[in-house]
Amino acid sequence: MSNPSLDLGSLLPIDPDWFLNPDPVRLAHDLIGQFLISDKDGQQTGGRIVETEAYKAPEDKACHAHLNRYTKRTSVMFEAGGRTYVYLCYGIHHLLNIVTGPQGAAHAILIRAIEPIWGLERQSERRSGRPRREWTNGPGKLTKALGITKADNNRPINQKSSSIHLFRSPQSNPKVQSAPRIGIDYAEECIHWPWRFLDADSRFVSAPAP
DNA sequence: ATAATGATTCGCT
DNA sequence: GCGAATCATTATG
């Protein structure tokens, strides 16, 4: 890695208490510019988070745990913040969420896009040699590039044994935009809530702000 | 037991 | 821009 500030060994993990904050909208904003790493088979792939969305039960109709609906699938969202929520979407795509908030609050942050930084060759392989810009500019794309599957569901973040790690960016000052969330047309009044966050200067987002 | 439905992506027109 | 792909989850009977 030519940029020494991006040396994985020197990065600091996000503090465990950060995940317990009760406001997932705030956390989704603050996650822009931080680093996501997947560690599979001793191989690290990851990058800089450039797009997120907040989901917040009970009031959010777009949240799987709307009205605190508790099922086998949603149960992980009720855990204390700091775990993963990975689920299969449209029968094809695995989507990665970060569970946040205190135990009992079903909050999560969907990771929608990253800028690839680490393990570029492996990411390219997993994305079938497409252009780099298309490796991770969407929630289903980035899980494929990082090898994230349902095996990574309901697992702690930043533990020694973890496959998913989140690090603080040493000097992160991104210009963060907010926008309505994508793909939730069924969610009635929640459709317009500006709970999607993007790095305005990144070319690796899934779609520009409207 | 059956049926409906996605927090999407890709290829084709 | 449109439609297919593809299946775990969920609700309902």
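The analysis underlying the following values was restricted to heavy atoms, covering all of them including side chains, and did not include hydrogens, waters or symmetry mates.
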Considering just the side-chain nitrogens and oxygens of Thr71(A), establish if one lies under 4.0 Å of OP1 or OP2 belonging to dT10(C).
yes
With a non-hydrogen cut-off below 4.0 angstrom, is Arg196(A) in contact with a base, only sugar-phosphate, or nothing?
nothing
For dA8(C), does OP1 or OP2 lie under 4.0 Å from any side-chain N or O of Arg73(A)?
no
Suppose we define a pair by two distances each less than 3.5 Å, Watson-Crick or G-U wobble; what does dC2(C) pair with here?
dG11(B)
Do other residues, nucleotides or ligands put more than 12 heavy atoms under 6.0 Å from Glu189(A) CD?
yes
Is any side-chain N of the basic residue among Arg127(A) and Glu134(A) closer than 4.0 Å to the acidic one's carboxylate O?
no
Sugar-phosphate, base or nothing in reach of Ile184(A), heavy atoms under 4.0 Å:
sugar-phosphate
Whole angstroms only, please: what is the CE-C1' distance between Met77(A) and dT10(C)?
14 Å
DNA chain B nearest-nucleotide lookup for Ala65(A) and Arg127(A): closer to the 5′ end is Ala65(A)
Could you go through the salt bridge (Lys or Arg N to Asp or Glu O under 4.0 Å) check for Lys40(A) and Asp152(A) one step at a time?
CA-CA 10 Å; Lys40(A) 316 285 283 189; Asp152(A) 300 294; 2.8 Å; yes
Locate the shortest heavy-atom distance separating Ile114(A) from Phe204(A); write the atom from each residue and the value.
O-CB, 3.6 Å
Salt bridge between Lys56(A) and Asp23(A), side-chain N to carboxylate O under 4.0 Å?
no
Under 4.0 angstrom, heavy atoms only, what part of the nucleic acid is Lys150(A) near: base, sugar-phosphate, or nothing?
sugar-phosphate
Interface limits on DNA chain B, where chain A has a heavy atom under 4.0 Å of a nucleotide atom:
dG6(B) to dG11(B)
Using the six-membered ring of Tyr87(A), assess whether NZ or CZ of Arg73(A) lies under 6.0 Å from its centre and within 45 degrees of the ring axis.
yes
Between Lys72(A) (NZ) and dT9(C) (P), how many Å, whole number?
7 Å
Find the distance His64(A):NE2 to dT10(C):P and express it as a whole number of Å.
9 Å
What nucleic acid atoms does Leu95(A) come within less than 4.0 Å of, heavy atoms only: base, sugar-phosphate, or nothing?
sugar-phosphate
Rounded to whole Å, CG of Asn153(A) lies from C1' of dT9(C) at a distance of 12 Å
Could you check Asp60(A) against Arg181(A) for salt bridge (Lys or Arg N to Asp or Glu O under 4.0 Å), going step by step and ending with a plain yes or no?
CA-CA 12 Å; Asp60(A) 177 13; Arg181(A) 292 172 293 177; 2.7 Å; yes
